[in-house]
Amino acid sequence: MRRFLIATLSAILLTDFAGAAPEKVPGISVTFTAAGKSDTRTARLCALYIPKGAPATPFLPAGPFTAKLEGDVDSPLRGDYTFGVEVRGQVKVSMNGQQILDAAGAAAAQYADKQVQLQKGANHFTVEFASDGEDDAQLQLHWASKEFPREPVPPTSWTHTPAPDEIADAKKREGRMLFAELHCTACHDVGTLVPKDGSGMMEATMTAPDLADAGARFRPEWIAAWVENPRAIRPSATMPALHATKEQSADIAAFLATLGTPAKVSVEKPAAEVADAGGGLFANLGCIACHTPPDFAAKDEHARIPLAQVAGKFQPAALGEFLKNPMAHNAWTRMPNFRLNDTEAAQLTAYLLATAKTEFPAATGDATRGKALVASRGCVNCHAIPGIEKSTLAAPSLAAVMTAGAKGCLAESEGKAPGFALSPRQREGLAAFLATDLASLKQDVPAEFAERQIARMNCTACHPRDGQQSTWQKVEDEMGALQSAAQRPTDPVEGAPIAGTVVPHLTWFGEKLLPGWMGSFIAGAAPYKPRPWIVARMPGFGGPAMGIAVGLAQQHGLPLSDAPEPAPDKEKVALGEKLTGSDGGFNCTTCHAVKDQAATAVFEAPGVNLGNTAERVRKAWFHRWLLAPLRVDAETKMPKFSEDGVTTQITDVLGGKAADQFDAIWQYLHSLN
Ligand code: HEC
Ligand code: HEC
Ligand code: HEC
Ligand code: HEC
Ligand code: HEC
């Protein structure tokens, strides 16, 4: 059901368009129209942000556009709600066929409010937005009720039934992603269709791992098995099978084995406790959310990446090096960087080697023949391989591919063409994309980029999102045995992290965090850990990080940065400091550290250091969080400080007004920088 929204590559491999009767899916449908062309996709929220001069979707030209958003808001009960919009552009909102809002904003965002009654069950919304292309385009639909203060209508409230156009355009989008991810252009030349400077679709510039030093890192018997059929080893592999026979694969392996010499390692076997500690890390760091444990024998429901082969694949020293820096030979790897220290890397390596039992049959081949095959089979179309300059593989032109229909690589039985083992759904997607003019490779839209990369990088392995559990939560019962085998200190170490896998929800990151901070954090470049009390650790994802951050903000209808903060008002700063403290304040400091000042009683519900709020958090989210934390995260232990959304219990400061008091705290937190 969620396949249009968060389909992972493996899910794409496993599912089929065929016979899928339209059923309700999460999110809202958006049809963009520009220069007489239309394009429909699913959005998580009734929101958009499109900077001036940028296209609304990869398939439409930049300039003036309209957007029609349609979906149902499900209401558990009949009740009164106030709806409002933040808008740059023009917007009309209708509910159940009746217009409820008509607003226009020019230079700055504007707000219009209207109270209406939602019926019990589905309420159909139609939102018609227009931008003349002279300014950034912005839209956010908000609501409020007696029970909760104004907030964006949450992703979990929207559902819709995809119309045929949306289903067709989803195929086209999946085809576009496959075209990039399967490196079609490596053999079918695209000429200037993909800008080299990265201004187009980023995935279309993805390279394959470099194979310099392949012989130092991989065992020849594994290379032979991989070349023969990559998908037999990793179902989600994107490398095609190149129809090398067993003997040819052994020749190729013999050649690659000449590239580099494996590092010598001590032959001593690590003690069993080291491997057990590694098993504990495998659970606690969330490896288990993306990978089945190497000795996992059952069929996996979560399409996790198997690891049973790693002892047979890596030369002994290379596995630890890979874990410490997965991007070293593959800038586009989906395996993130956990910033492991030497001890952790050694423990994880010991665990993997002790439990990974798949062996590969010995392969002896001829390196000279192998070298010739590497040139003629097209390996160098994708991989940089020392000593081989040019591919001698002859592939049809892209123009031929675009008109060929279900032939060659797209044929049901591949014949001589590279074997991608495409599902019918993937073939349909690729055909739909090839039927376009491919101009969408030249441009991209961050909101869509973020969604594709969140699926590709499997962020929801660890993060719950839009009301869905993370994989990590789903596999919780696999963790106990690994955790209890790992030795724990018998006395709790002072200052040791509080164990637990509580990972923040991804749902509101786009609204909460400033994209600059978020991007460097996703890249793994932030100098501190916001939640030092959890054992889990956010790994770094390299290249796509900043694009994901910008795209998440735009999904929530937000620009790259907030309006610049005016210089803090001295009086307000002093009041804000008082309000955060225990002397006539809200006691924020029981749970939150502020800069170097530790929190006074963290064991209940530790919070993030408030000294970092100014660089991390957006103003509108800050206010919404303080007014109603449970609306943002239904499980948070952060207390609510205003019962009625207007006043607080501290009546002697700023007239007891919540908004003014929270603003004073905001100014105080900004003065700390
Ligand atoms: C490793 C190089 C390589 C890659 C990568 C590759 N192809 Fe091909 N493709 C070929 C070769 C070689 C042929 C010709 C096969 C033959 O002679 O039967 C071919 C043929 C085709 C044809 C038939 C063309 C015709 O005129 O008959 C289509 C369509 C096609 N490929 C589509 C794709 C798509 C889509 C992708 C990406 C999913 C892709 N190819 C990736 C090498 C490649
Ligand atoms: C967000 C998902 C994710 C997490 C979390 C993750 N990995 Fe990976 N890992 C991958 C993917 C995907 C690959 C396959 C390589 C690729 O696609 O680039 C991979 C590859 C690997 C490989 C190499 C497998 C091979 O056949 O080449 C090892 C070893 C590995 N991971 C170990 C770990 C360990 C140990 C952890 C925890 C510290 C971990 N991974 C956490 C996604 C993840
Ligand atoms: C269409 C592009 C493409 C072609 C052609 C191709 N590969 Fe690959 N190869 C990849 C990608 C992408 C990966 C990374 C794993 C994955 O996603 O499948 C990979 C992975 C590998 C790896 C493992 C690297 C690692 O770091 O784990 C080896 C070894 C390899 N390829 C060898 C070859 C050889 C030998 C050939 C020619 C017979 C070849 N490849 C042809 C795209 C390609
Ligand atoms: C291996 C598990 C794991 C994966 C995979 C993962 N994260 Fe995280 N993420 C975490 C943990 C744990 C935290 C909390 C870190 C902390 O506060 O120290 C976190 C925090 C974050 C934060 C900061 C939130 C805040 O309020 O401080 C962002 C943003 C984020 N992750 C985005 C992503 C994105 C985007 C992806 C995919 C590209 C991703 N994460 C994949 C574990 C993961
Ligand atoms: C009972 C403990 C508790 C008290 C008291 C408390 N908080 Fe929190 N606060 C939390 C928790 C728990 C979180 C969520 C932590 C997470 O995201 O993992 C949080 C999160 C926050 C965040 C988001 C920070 C970030 O960078 O992610 C802000 C801002 C914040 N609180 C401000 C305040 C202020 C201001 C006060 C006092 C008016 C306060 N809190 C009082 C527990 C508390």
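Numbering of ligands and ligand atoms starts at 1, following listing order.
Of the candidates P396, C379, A404, it is P396 that places a heavy atom closest to atom 20 (C) of ligand 1. Among P336, C287, P326, the residue whose heavy atom sits closest to atom 38 (C) of ligand 2 is C287. Considering only non-hydrogen atoms, atom 5 (C) of ligand 2 lies nearest to C290 out of C290, P209, G312. Closest heavy-atom approach to atom 12 (C) of ligand 1 within the set A394, A431, P240: this belongs to A394. Considering each of K313, M457, M335, the one bringing a non-hydrogen atom nearest atom 13 (C) of ligand 2 is M335. Scanning F338, F282, W226 for the heavy atom closest to atom 41 (C) of ligand 2 points to F338. Closest heavy-atom approach to atom 23 (C) of ligand 1 among the candidates G408, C382, A395, A186: G408.
Close approach to I305 involves these atoms of ligand 2, each under 4.0 Å from a residue heavy atom: 12 (C). When each atom of ligand 5 is checked for a heavy atom of F622 under 4.0 Å away, the hits are 29 (C). If you number the atoms of ligand 5 from 1 as listed, the ones under 4.0 Å from a heavy atom of L626 come out as 33 (C), 34 (C), 35 (C). When each atom of ligand 5 is checked for a heavy atom of N587 under 4.0 Å away, the hits are 5 (C). Atoms of ligand 5 lying under 4.0 Å from at least one heavy atom of T590, given by number and element, are 5 (C). Atoms of ligand 5 lying under 4.0 Å from any heavy atom of R616, numbered from 1 in the order shown and given with element: 25 (C), 26 (O), 27 (O). Each of the following atoms of ligand 5 lies closer than 4.0 Å to a heavy atom of C591: 1 (C), 2 (C), 3 (C), 4 (C), 5 (C), 42 (C), 43 (C). Short contacts between ligand 1 and C187, defined as distances under 4.0 Å to a heavy atom of the residue, involve ligand atoms 1 (C), 2 (C), 3 (C), 4 (C), 5 (C), 42 (C), 43 (C). Under a 4.0 Å criterion applied to the non-hydrogen atoms of H183, ligand 1 contributes the atoms 5 (C).
In terms of protein heavy-atom proximity, atom 29 (C) of ligand 1 is nearest to K407 O, 3.5 Å. Looking at atom 7 (N) of ligand 2, its nearest protein heavy atom turns out to be H291 NE2, 2.8 Å. The protein heavy atom nearest to atom 17 (O) of ligand 1 is K416 NZ, 3.8 Å.
When non-hydrogen atoms are compared, ligand 5 lies under 4.0 Å from neither the backbone nor the side chain of L579. Residue contacts with ligand 5 for C588 involve both N, CA, C or O and side-chain atoms from C-beta outward (heavy atoms, distance under 4.0 Å). For H188, every heavy-atom contact with ligand 1 shorter than 4.0 Å involves the side chain, none the backbone. When heavy-atom distances to ligand 5 are checked against a 4.0 Å cut-off, P606 comes that close only through its backbone atoms N, CA, C and O. Contact annotation: for V310 versus ligand 2, heavy atoms closer than 4.0 Å belong to the side chain alone. The backbone and the side chain of C184 each have at least one atom closer than 4.0 Å to an atom of ligand 1 (non-hydrogen atoms only). The side chain of L307, and not its backbone, has at least one atom closer than 4.0 Å to an atom of ligand 2 (non-hydrogen atoms only; side chain from C-beta on). Only the side chain of P418 comes within contact range of ligand 1, with a heavy atom under 4.0 Å; no backbone atom does. Only the side chain of L323 comes within contact range of ligand 2, with a heavy atom under 4.0 Å; no backbone atom does. With a 4.0 Å cut-off on non-hydrogen atoms, L669 does not touch ligand 5 at all. The proximity of F420 to ligand 1, defined as any non-hydrogen pair under 4.0 Å, is limited to the side chain. Within the 4.0 Å heavy-atom criterion, the part of L610 lying near ligand 5 is the side chain and not the backbone.
Ring-plane geometry between W666 and H670 is classed as tilted, the angle between the planes lying from 30 to 60 degrees on a 0 to 90 degree scale. Between F218 and W222, the angle of the ring planes lies from 30° to 60°, which puts this pair in the tilted group. A perpendicular orientation is assigned to the rings of H463 and F509, their planes being inclined by more than 60° (bins at 30° and 60°).
K572 and D660 are not joined by a salt bridge, as no carboxylate oxygen comes within less than 4.0 angstrom of a charged side-chain nitrogen. A salt bridge is absent between E181 and R334; no separation between the charged side-chain nitrogens and carboxylate oxygens falls under 4.0 Å. A salt bridge is defined here as a Lys NZ or Arg NE, NH1 or NH2 lying under 4.0 Å from an Asp or Glu carboxylate O, and E203 with R456 fails to meet this definition.
Looking only at distances, no side-chain donor or acceptor of R304 sits under 3.5 Å from a matching main-chain atom of P293. Between the R176 side chain and the S440 main chain, a donor and an acceptor come within less than 3.5 Å of each other. When atom types are taken as modelled, the side chain of S376 and the backbone of L393 share no donor-acceptor pair closer than 3.5 angstrom.
For the ligand labelled ligand 2, residue L281 lies outside the 4.0 Å heavy-atom shell. Under a 4.0 Å heavy-atom criterion, L393 is in contact with ligand 1. Look at F322 and you'll find a heavy atom under 4.0 Å from some atom of ligand 2.
At under 3.5 Å, not a single nitrogen or oxygen of N458, backbone or side chain, sits near a nitrogen or oxygen of ligand 2.
At least one N/O/S atom of H592, whether from backbone or side chain, sits less than 2.8 Å from atom 8 (Fe) of ligand 5.
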